[in-house]
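Here is the structure we will look at.
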Amino acid sequence: MTTTTVAEREDLRAAIRGFLADRLPESTVRELIDTETGVDARSWTQLAGELGLAGLLVPEEHGGQGLSTVELGIALQESGRALLGAPFLGSAVLATWALVVSGDDAAATGLLPGLADGSTVAALGIDDDPQSPVRAVPDGDGWRLTGAKRHVVDVAAADTFLVTAEVDGGVGLFVLPAAGDGVDVEQTASLDLTRRLGRVRLADVPAQRVGTEFTAGLASVRELGAFACAAEQAGIAGRCLEIAVEYARTREQFGKPIGSFQAIKHQLAEHLARVEQMRAAVTAAAAELAASPGSAREIVSVVKAYCGDAGTTVAEGLIDTLGGIGFTWEHVAHLYLRRMKTLAYLFGSPSEHRARLAADLGLTG
Amino acid sequence: MTTTTVAEREDLRAAIRGFLADRLPESTVRELIDTETGVDARSWTQLAGELGLAGLLVPEEHGGQGLSTVELGIALQESGRALLGAPFLGSAVLATWALVVSGDDAAATGLLPGLADGSTVAALGIDDDPQSPVRAVPDGDGWRLTGAKRHVVDVAAADTFLVTAEVDGGVGLFVLPAAGDGVDVEQTASLDLTRRLGRVRLADVPAQRVGTEFTAGLASVRELGAFACAAEQAGIAGRCLEIAVEYARTREQFGKPIGSFQAIKHQLAEHLARVEQMRAAVTAAAAELAASPGSAREIVSVVKAYCGDAGTTVAEGLIDTLGGIGFTWEHVAHLYLRRMKTLAYLFGSPSEHRARLAADLGLTG
Amino acid sequence: MSTEVLDELRGFLDEAVPRFREQFGEDSSWETRIAWQRTMAEGGWAAPGWAVENGGRALPAHEVLAIEEVTAGYGMPPLAGMLGLKNVGPTLAAWGTPEQKEHLPRILNTEEVWCQGFSEPGAGSDLAGLRTRAVRDGDDYVVNGQKIWTSNGMHATHMELLVRTDPDAPKHRGISALLVDMSTPGIEVRPIRQINGQAEFAEVFFTDVRVPVDNLLGKENDGWNVTMTTLGHERSGVAIFATRFEREVRDLIARHRGEGLTPVQQDTLVRHFIEARVVAILGEATLSRVAAGEQPGSEQSVIKLVWSEAGQRLAATKLELAGIDAVSGAAPEAADAYLSARAMTIAAGTSPIVKNILSERVLGLPRG
Amino acid sequence: MSTEVLDELRGFLDEAVPRFREQFGEDSSWETRIAWQRTMAEGGWAAPGWAVENGGRALPAHEVLAIEEVTAGYGMPPLAGMLGLKNVGPTLAAWGTPEQKEHLPRILNTEEVWCQGFSEPGAGSDLAGLRTRAVRDGDDYVVNGQKIWTSNGMHATHMELLVRTDPDAPKHRGISALLVDMSTPGIEVRPIRQINGQAEFAEVFFTDVRVPVDNLLGKENDGWNVTMTTLGHERSGVAIFATRFEREVRDLIARHRGEGLTPVQQDTLVRHFIEARVVAILGEATLSRVAAGEQPGSEQSVIKLVWSEAGQRLAATKLELAGIDAVSGAAPEAADAYLSARAMTIAAGTSPIVKNILSERVLGLPRG
């Protein structure tokens with residue numbers, strides 16, 4: 001794994017921020033909301049190529065940067081901040097990590113280079129529709145899958161699906177083309193307008209198995225997913241605070257900038273405290289996941305629960321500071337709130353992570 | 001039951017407030033903290049005689065005023081406000097109500113006139129020490145009791161004890177003199193310095209049974225006790241807010257009264273909202289208990305839970321407003337906080353009443 | 001209250017509702033709401049709190065509430081012209097000339113739909129800082145300026161418009177209230193799209209709009225007092241919201257009963273219930289006080305503060321109970337309620353403004 | 001960090017602690033704390049963060065923390081002269097003349113116990129508004145005034161005293177710092193009894209107290225900068241508190257494990273754990289930054305704000321877990337912790353003051 005210095009990490013942050021501000025400003029984000037996939041394919045190719053974002057987690061031998069959760073955390077904070085619609089989380093984080101931890105060299109060699117340069121976009125389905133969980137049946141060298149996955153992140157832009165299914169009482173990971181017969185993709189109307197979730201229905205679809213037993217791999221992906229949501233939330237919260245502070249400095253009421261009223265000042269100070277804590281917690285979780293992923297379970301739940309609640313408060317607080325204008329469709333505030341709140345429920349809600357902590361800390365039962 | 005007009009109730013409030021301000025000012029309250037019983041016997045006689053407080057709930061045929069929870073709520077708010085150390089809650093409310101609902105005419109005739117004029121002071125023991133619950137054994141015409149009761153309100157001033165014990169799978173109420181052989185009274189160091197709780201240990205003590213089956217009576221006493229705590233809390237909270245506002249108006253910092261800072265103003269506005277809600281909730285519960293005690297269970301839990309939490313916040317807020325001076329022994333703030341917090345745990349804490357509501361509303365199980 | 005009134009109401013509804021449903025089904029569009037108001041007005045139930053001479057029944061606030069509760073039980077859509085019935089109508093009754101009071105029957109029968117032109121983009125919560133100007137020119141005022149957050153602005157035929165008639169007077173002093181026909185030339189109405197994608201409010205632009213001097217409500221430069229009347233009725237409405245809020249929480253609890261909520265979720269719902277029950281008690285107390293002819297005090301502001309914040313938290317709880325379904329499109333109504341609720345602490349007086357009012361006017365603390 | 005240092009420490013403690021216990025048992029009185037500090041100083045462990053020439057080991061903050069954590073594991077009472085070791089000593093090292101630095105070894109070995117004379121009855125959180133006057137008279141300053149909330153005031157032999165030396169200068173400008181021997185005539189110390197009945201603070205009265213001009217720390221009228229150094233060290237201490245706070249919550253959870261808490265109580269403890277873990281992370285990050293020679297930024301104020309409010313809530317939870325036992329005398333320590341915790345948001349900068357600092361100095365919002 002490649003390690004970076006503090007200065008290199010700050011350069012990475014600046015490079016991503018500059019790129020996104022330039023190529024995917026708010027106006028573009030809004031336009032993408034109304035497109036079919038929600039993704040500007042050219043920008044994604046550039047993000048993959050110029051910044052190497054798509055290959056951030058891909059080992060160098062497969063054409064990636066071989067970086068860790070430390071750098072990933074920075075990239076995710078920036079993607080949250082910019083409301084990035086590209087399939088960064090779905091393809092470059094979740095699907096890529098599933099392949100990396102699958103231990104399947106052949107699949108890694110076959111798929112990771114394309115994921116790293118952005119020419120392949122994958123989405124990962126791990127949440128079964130309880131009405132029809134995905135079942136895998138052996139079929140010659142391969143398998144055939146039937147069932148449905150929900151909450152598939154960045155579903156619309158994917159050309160490749162990775163999905164899990166129960167095999168012999170364990171978990172198997174399977175890969176299949178998104179465009180094949182029997183594959184039905186439905187984009188659900190998510191609260192988050194800037195990222196497409198969806199449902200993938202499979203009807204007797206041929207698929208290849210990736211690696212062998214994937215139970216540990218799935219757990220690893222879920223930890224990374226929870227961390228990724230929290231990191232995006234830290235980026236969103238930081239931006240919400242900036243917008244609120246800027247507005248409070250300039251907007252006048254009763255003949256003074258509203259930011260001179262103690263009620264506003266103190267709320268913003270509390271939001272600052274939340275943002276600083278979110279960032280510190282994400283940084284600590286990133287370091288732990290990079291250094292010792294096996295023992296990161298506790299910090300992942302702490303950061304996911306904390307960022308979910310604190311981040312929501314900060315995004316709601318932005319609307320409170322803005323007043324009426326923050327309640328309009330045209331202002332960006334609701335896009336942040338929508339994304340923040342959606343991230344709170346992906347990969348375990350704050351209350352679910354608190355319940356997990358209660359069990360891990362020995363409080364339950 | 002005697003009913004009163006709005007004007008009469010306001011007169012009652014003014015009369016009690018005036019009496020207590022005159023006879024039991026803060027200086028006296030502080031002196032009583034260091035006395036053996038915590039009660040100024042002369043003042044209690046006057047409260048009983050001049051204001052009829054001791055007989056408020058006693059039916060007129062037994063020498064009392066025959067008033068309802070509506071007037072009681074007013075008196076309790078005033079007793080909380082004045083940090084009254086007299087055995088109002090223990091004797092005039094809890095013990096008196098136990099006798100009233102016992103349905104025992106002989107006992108009522110024998111005891112209520114003394115309670116009403118203050119010449120008898122009773123305390124009610126209903127919480128068993130789990131180490132040694134009180135057991136009753138028949139003994140000729142009477143009974144003999146052995147065991148211990150905890151959390152007996154106004155224990156120090158009582159000359160008569162009423163205690164419950166299991167009888168034939170139900171509940172029996174018993175009366176005994178406080179000074180008899182085998183009766184051991186221990187005043188425990190309560191958080192509340194202005195009201196004595198205690199433990200009563202009985203070792204084979206002769207007692208008379210009051211009435212017959214007391215299960216419903218006990219439930220009624222518990223409801224009244226919970227209401228009484230909430231009503232005192234409303235009175236305390238109102239006084240805490242007054243002190244805080246007065247201080248905020250006059251104390252200067254950074255060259256201005258601290259009450260001109262929005263942070264203080266908004267906190268006090270929130271406390272005002274709490275105080276108004278506490279008062280309204282107590283008034284509503286009082287009316288319901290008077291009109292239809294059988295269906296008052298829900299409102300009693302609502303008011304006890306609400307006043308316990310909101311009242312604590314208001315009393316804590318007083319110390320926040322006062323700053324350093326509020327953290328001193330000499331300031332009255334901690335006496336209010338101590339009494340407020342103690343009342344929150346008597347007759348069911350807010351969390352216990354929430355659990356009761358959850359069950360009553362059909363949410364549990 | 002007299003049960004006869006409610007019996008009469010039930011008799012009316014038992015007959016009118018099925019007939020109305022036959023024609024309109026479950027529709028709750030604006031047109032249906034207009035039609036339903038007309039039906040209610042014909043029965044004498046559209047504004048039971050209004051004076052008899054204006055087409056009402058002169059019933060006190062808590063009886064009006066009971067009527068609304070009974071009506072709500074029939075599941076009909078809300079009446080269309082609520083602002084006219086609840087806020088503007090009573091203001092006209094209090095301040096209007098005999099000619100101006102002729103609007104009242106038309107408000108009842110939906111001929112006229114009224115809105116309130118109060119908030120402005122530059123002023124927000126600072127109502128007294130409004131800048132829309134009206135300059136006297138012969139028998140007209142000429143109005144220029146802009147209003148925002150106008151409820152029902154897209155549907156209204158008339159507006160109670162606040163304008164500045166004396167720019168040199170202190171803020172509260174130079175304001176007047178005008179009754180404006182929305183079809184007057186120079187008025188442009190644009191919908192405001194909210195964060196939930198809907199458009200319940202409008203921006204209204206005034207360019208050299210001529211309003212006859214006869215349409216001045218109250219005296220010139222005395223509009224602040226007229227405004228206070230309207231806002232007083234608006235806030236009385238809050239007391240009614242408070243009592244409805246308890247029902248909303250009880251309904252939510254009933255819906256989740258036996259659903260295997262976690263104990264923490266159960267506790268959360270009970271906390272909501274306690275909050276709602278207490279604010280409803282305050283609402284009921286306020287309505288009784290109004291009914292007894294007393295001036296309601298600070299309770300209305302307390303209710304606004306508590307109800308709006310409790311309502312916001314309740315919306316967040318609904319989202320939490322729906323969990324990932326709420327954010328992934330499977331329970332869109334929870335998501336929509338959550339977004340809509342953000343306005344509760346902004347509209348009709350932000351929480352900070354209400355706290356200023358309480359601390360200065362009730363507690364007597366100095367202005368900052 | 002180097003494990004050798006910690007190994008050396010453990011070697012020292014393994015030997016010193018049993019010997020100390022033999023003599024003092026479980027006592028934690030002031031005299032025992034003095035004796036324990038002397039033992040630690042003899043081993044070179046009383047101020048490992050101080051420069052070597054002043055008797056320290058020049059270790060960075062996070063290593064000092066590790067040392068404190070290891071020491072805490074031995075369950076010994078706190079060192080007596082914490083304010084001297086933590087706040088005043090480093091300030092003397094930064095601003096003192098060579099003669100003034102001679103106090104340092106005496107602070108280490110408990111010959112001198114220092115307190116800080118900052119807060120005043122009329123000023124409170126408004127430190128710059130202090131009114132205790134010092135007037136130059138020959139080679140002395142003559143001091144008159146009063147200090148309040150002086151920690152360790154009853155035990156101190158010396159005080160870092162803030163006085164106003166130029167009453168005409170703007171508030172921050174006319175302040176100086178004096179080093180005062182508490183046995184100087186004219187000084188009267190009175191204990192302040194707190195709401196929990198204890199007296200950890202004092203009021204100190206100054207009547208014509210003569211302090212030699214040589215005892216001026218820093219320049220005349222430049223005491224504000226000296227003060228900021230002391231407060232900076234005080235706030236660094238907060239970062240250490242933050243990491244200790246997590247341990248406190250973990251210990252509480254361990255104590256209640258398997259005790260049949262309700263699910264709501266379990267959730268409450270987990271919420272405390274999350275809060276404590278996050279603030280501890282911020283504390284650790286701050287200490288690493290300080291260790292790397294960076295100037296700590298706003299984190300210290302954030303930590304103070306969050307830690308103090310979280311600590312207060314934790315104390316309330318401890319009371320709640322004890323239930324009626326806490327208020328009826330059966331669990332008095334929970335009640336005492338609850339009362340004591342009320343000071344957390346008042347002492348060393350009230351929460352509103354910290355929020356002012358954060359909003360003005362970090363967010364750049366205008367002063368009110």
Side-chain angles (χ1 to χ4, degrees), chain B residues 6 241-242 244-250 252 256-285 287-288 298-299 301-310 350-351 353-365, chain C residues 242 246 249-250 252-254 256-263 265-271 273-286 288-289 292 294 297-299 301-307 309-310 351-368:
Chain B
V6 172
L241 178 63
E242 279 176 19
V245 168
E246 178 58 26
Y247 186 79
R249 276 211 205 98
T250 52
E252 296 206 351
K256 302 199 274 190
I258 62 170
S260 62
F261 293 107
Q262 233 182 6
I264 298 277
K265 286 167 79 163
H266 286 192
Q267 278 164 17
L268 293 178
E270 288 165 19
H271 293 318
L272 169 68
R274 293 184 184 102
V275 169
E276 288 206 1
Q277 289 181 94
M278 290 172 78
R279 285 181 182 147
V282 165
T283 303
E288 183 82 16
E298 180 180 284
I299 184 82
S301 275
V302 165
V303 74
K304 184 67 168 67
Y306 183 78
C307 291
D309 286 338
S351 53
H353 278 281
R354 282 197 300 272
R356 181 170 113 164
L357 281 168
D360 288 0
L361 290 167
L363 280 167
T364 52
Chain C
E246 181 188 341
V249 176
R250 281 194 194 271
L252 183 69
I253 287 173
H256 286 281
R257 207 168 272 155
E259 246 195 17
L261 296 183
T262 68
Q265 289 172 327
Q266 293 167 8
D267 186 60
T268 302
L269 284 182
V270 170
R271 286 172 187 268
F273 174 72
I274 291 167
E275 224 168 37
R277 183 79 193 87
V278 171
V279 70
I281 286 169
L282 206 56
E284 288 153 11
T286 303
S288 316
R289 212 154 301 163
E294 287 176 54
S298 56
E299 303 94 329
S301 294
V302 169
I303 292 170
K304 163 69 173 91
L305 181 67
V306 174
W307 164 77
E309 299 191 344
S351 286
I353 294 291
V354 176
K355 290 179 198 171
N356 280 349
I357 290 172
L358 286 171
S359 59
E360 290 166 14
R361 299 198 202 150
V362 183
L363 298 178
L365 293 172
R367 302 187 70 121

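Reminder, nothing fancy here: chain letters follow the sequence lines and each chain counts from 1.
The residue among B/Leu241, B/Val245, B/Leu361 with the most heavy atom pairs within less than 4.5 Å of chain C is B/Leu361. Ranked by heavy-atom pairs under 4.5 Å with chain B, the list C/Leu269, C/Asn356, C/Leu305 is led by C/Asn356. Across C/Glu275, C/Glu284, C/Glu360, the residue that shares the most heavy-atom pairs under 4.5 angstrom with chain B is C/Glu360. The residue among C/Gly364, C/Ala285, C/Pro263 with the most heavy atom pairs within less than 4.5 Å of chain B is C/Gly364. Contact count against chain B (heavy-atom pairs under 4.5 Å) is highest for C/Lys355 among C/Lys355, C/Glu259, C/Arg277. In terms of non-hydrogen atom pairs under 4.5 Å with chain B, the most contact-rich of C/Leu261, C/Leu358, C/Val278 is C/Val278. Ranked by heavy-atom pairs under 4.5 Å with chain C, the list B/Pro257, B/Ala269, B/Ala284 is led by B/Ala269.
With C/Ser301 as the fixed residue, the side chain to side chain contact (heavy atoms under 4.5 Å, CB included) test singles out one of C/Val362, C/Ile357, C/Val306: C/Ile357.
For B/Phe261, no part lies near chain C; criterion is any non-hydrogen pair under 4.5 Å. Heavy-atom distances place both the backbone and the side chain of C/Pro352 under 4.5 Å from chain B. Of the two parts of B/Glu298, only the side chain, counted from C-beta on, holds a non-hydrogen atom closer than 4.5 Å to a non-hydrogen atom of chain C. Using a 4.5 Å cut-off between heavy atoms, B/Gln262 contacts chain C through its side chain alone, with no backbone atom that close.
Taking SG of B/Cys307 as the start and NE2 of B/His353 as the end, the distance is 11.0 Å to the nearest 0.5 Å. Residue B/Lys304 holds its NZ atom at 12.5 Å from CG of B/Leu357, rounded to the nearest 0.5 Å.
Under a cut-off of 6.0 angstrom, the local environment of CZ in C/Arg257 is crowded, with over 12 non-hydrogen atoms contributed by other residues, nucleotides or ligands.
Between B/Glu246 and B/Arg249 there is a salt bridge, with a side-chain nitrogen of the basic residue lying less than 4.0 Å from a carboxylate oxygen of the acidic one. Ion pair C/Arg250/C/Glu246 flagged as a salt bridge, since at least one NZ, NE, NH1 or NH2 atom sits closer than 4.0 Å to an Asp/Glu carboxylate oxygen.
When all heavy atoms of B/Leu268 and B/Ala244 are compared, the closest pair comes out as CD2-CB, 3.7 Å.
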Report task. Evaluate the side-chain hydrogen bond (donor to acceptor under 3.5 Å, both in side chains) criterion for residues C/Glu309 and C/Ser351: first the C-alpha distance (whole Å), next the side-chain angles of each, then the deciding distance (0.1 Å), finally the verdict. Result -> CA-CA 8 Å; C/Glu309 299 191 344; C/Ser351 286; 2.8 Å; yes
